[in-house]
Protein chains: 2
Amino acid sequence: MSTRPFHHGNLRAVLLEEAEAVLRTGGVEALSLRELARQAGVSHGAPRSHFIDRQALLDALAEQGFDRFTERITAALADGGTVAERFRRVGRAYVDFAVEHAVLMDLMFAAKVDAPAGPIGAAAARLFRTLDSAMGDPVDPADEDARERFKLLFAATMQGTATLIAARRISRAQGEAVVDDAMEALLGSPLGRAALPSR
Amino acid sequence: MSTRPFHHGNLRAVLLEEAEAVLRTGGVEALSLRELARQAGVSHGAPRSHFIDRQALLDALAEQGFDRFTERITAALADGGTVAERFRRVGRAYVDFAVEHAVLMDLMFAAKVDAPAGPIGAAAARLFRTLDSAMGDPVDPADEDARERFKLLFAATMQGTATLIAARRISRAQGEAVVDDAMEALLGSPLGRAALPSR
DNA sequence: ACCTGAACACCGTTCAAGT
DNA sequence: ACCTGAACACCGTTCAAGT
């Protein structure tokens, strides 16, 4: 078999991988389709076969980001323990991921995203659903509202903590302290007690 | 006096004003120095006299953003009331501003910013200092650590709530509920009671 | 001090053409 | 189905020159 022009069908994956590296090192504005094509050894028009435009590549990165995020949260849940222990671990995993992938997170939570319909919104919904596992089964169906509100409050707090760290407004150590303080306040609040099984 | 080439010294202000409008309507990537110059009726090289490059303009917008943010928070504090009432108002003002100026907030909390030295970091510090007024005078100097931590936790929670709303992951109404739930949890927590005067 | 206008290198996007 | 390569319109940045 003759060596084909260059890429055999994995160009899409190669571009996404390269793009992630650029995101980490230089931010979104450093990401150029032409440069990506150059690094992949294809012509500048080639990416067009896989991504209709630059935004489509950014969207694909965001969707992939949500899925990786979900994996990390799921992994943090695997060890079991009490509800409090699980949430503390998930909280740290949330902040860790968000700080490590700060630019990717900006993409994932960009206002321009197709939320909540579309693939990115669906990926975001999957992430959110894994938080249900952290809470355990609902004891009383009447607590469903409290559970929803608790999840939102939890996500908001972790999200904000990550933003402050990524923006270097607070140090990593201060961020850890915020997570601990947040979990203590949330778990001990009336909402926390209504949402989570007491045992 | 003859009409001077065009602008008489306010080009900088004009550019910033135009840029803010672009930010609201089309986001950062829609912001072009050449387009700004065109709208201002000057040549494409003119902005160079006021901003060394595109990033310098973005930085100026971020700094200005922090100052406006501080004004809004200060205004929310003006009406007095109990600590709980003040914090509830500040919380809403925080989220409102962040949602209204979502793109600007991204600029303000971008990782690339010169934090904490430099003009933007200084403007951010001024914002944070206004939160001291919300807490009132420290009762016991030993509570200084609790006050710092409470401020961080408060800021993180509001910041995260704003992000979720701006990203359309939650509705405006859900966001309001998160703010209320957050304030109840924070004010009632051990940290909240240590940081805030009980009366 | 502030602005002009040419010049340069770099983009994203489109599209006919190749395999 | 996937990639090439020319073409187009648009950028940011630099810099000598004008006032």
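Chain identifiers are assigned alphabetically (A, B, ...) following the order of the sequence lines, protein sequences preceding nucleic acid strands; residue numbering begins at 1 within each chain.
- A:Arg12 comes within contact range of no nucleotide atom at all, as no heavy-atom separation falls under 4.0 Å.
- Contact between the side-chain N/O atoms of B:Ser32 and the OP1/OP2 oxygens of D:dG12 is found at a separation under 4.0 Å.
- Ion pairing of B:Arg68 with B:Glu100 is absent here, as no side-chain N (NZ or NE/NH1/NH2) approaches a carboxylate O to less than 4.0 Å.
- No side-chain donor-acceptor contact under 3.5 Å links A:Arg169 to the backbone of A:Thr163.
- D:dA9 atom P lies 22 Å from atom CZ of A:Arg54, rounded to whole Å.
- Between A:Asn10 atom CG and D:dA1 atom P the separation is 18 Å, expressed in whole Å.
- Between B:Arg149 and B:Asp143 there is no salt bridge, since none of the side-chain N atoms of the basic residue sits less than 4.0 Å from a carboxylate O of the acidic one.
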In dot-bracket notation, what is the pairing pattern of DNA chain C, taking Watson-Crick (N1-N3 plus N6-O4 or O6-N4) and G-U wobble (N1-O2 and O6-N3) contacts under 3.5 Å, with [ ] crossing and | for other strands?
-> ||.|||||...|||||.||
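- When distances run from any side-chain atom of A:Ala46 to the nucleotides C:dC3, C:dT14, D:dC3, the shortest one goes to D:dC3.
- What separates CD1 of A:Ile52 from P of D:dC2 is a distance of 14 Å, to the nearest Å.
- Comparing A:Arg34 and A:Gly45 by the nucleotide of DNA chain D that holds the closest heavy atom to each, the one mapping nearer the 5' end is A:Gly45.
- The interatomic distance linking B:His44 (NE2) with C:dC8 (P) rounds to 13 Å, in whole Å.
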Does the salt bridge (Lys or Arg N to Asp or Glu O under 4.0 Å) test come out yes or no for A:Asp96 and A:Arg172, once each step is laid out?
-> CA-CA 9 Å; A:Asp96 285 349; A:Arg172 193 70 191 242; 2.7 Å; yes
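- In this structure, B:Asp53 atom CG and D:dC11 atom P are separated by 17 Å, rounded to whole Å.
- Between the C1' atom of D:dC2 and the CG atom of A:Leu15 lies a distance of 13 Å, rounded to the nearest Å.
- Aromatic ring centres of A:Phe69 and A:Phe128 lie farther apart than the 6.0 Å criterion allows.
- Within the 4.0 angstrom heavy-atom criterion, only backbone atoms of the sugar-phosphate kind lie near B:His50; the bases stay farther away.
- Side-chain nitrogen and oxygen atoms of B:Arg48 include none within less than 4.0 Å of the OP1 or OP2 phosphate oxygen of D:dA16.
- For B:Ser43 and C:dT4, the shortest distance from a side-chain N or O to OP1 or OP2 is below 4.0 Å.
- In this entry the distance linking CZ of A:Arg38 with P of D:dT4 reads 13 Å, nearest Å.
- Side-chain N or O atoms of B:Arg54 include one that pairs as donor or acceptor with a backbone N or O of B:Leu31 at under 3.5 Å.
- For B:Leu33 and D:dT14, the CG to C1' distance is 13 Å, given to the nearest whole Å.
- Within 6.0 Å of the CD atom in B:Glu17, the count of heavy atoms belonging to other residues, nucleotides or ligands does not exceed 12.
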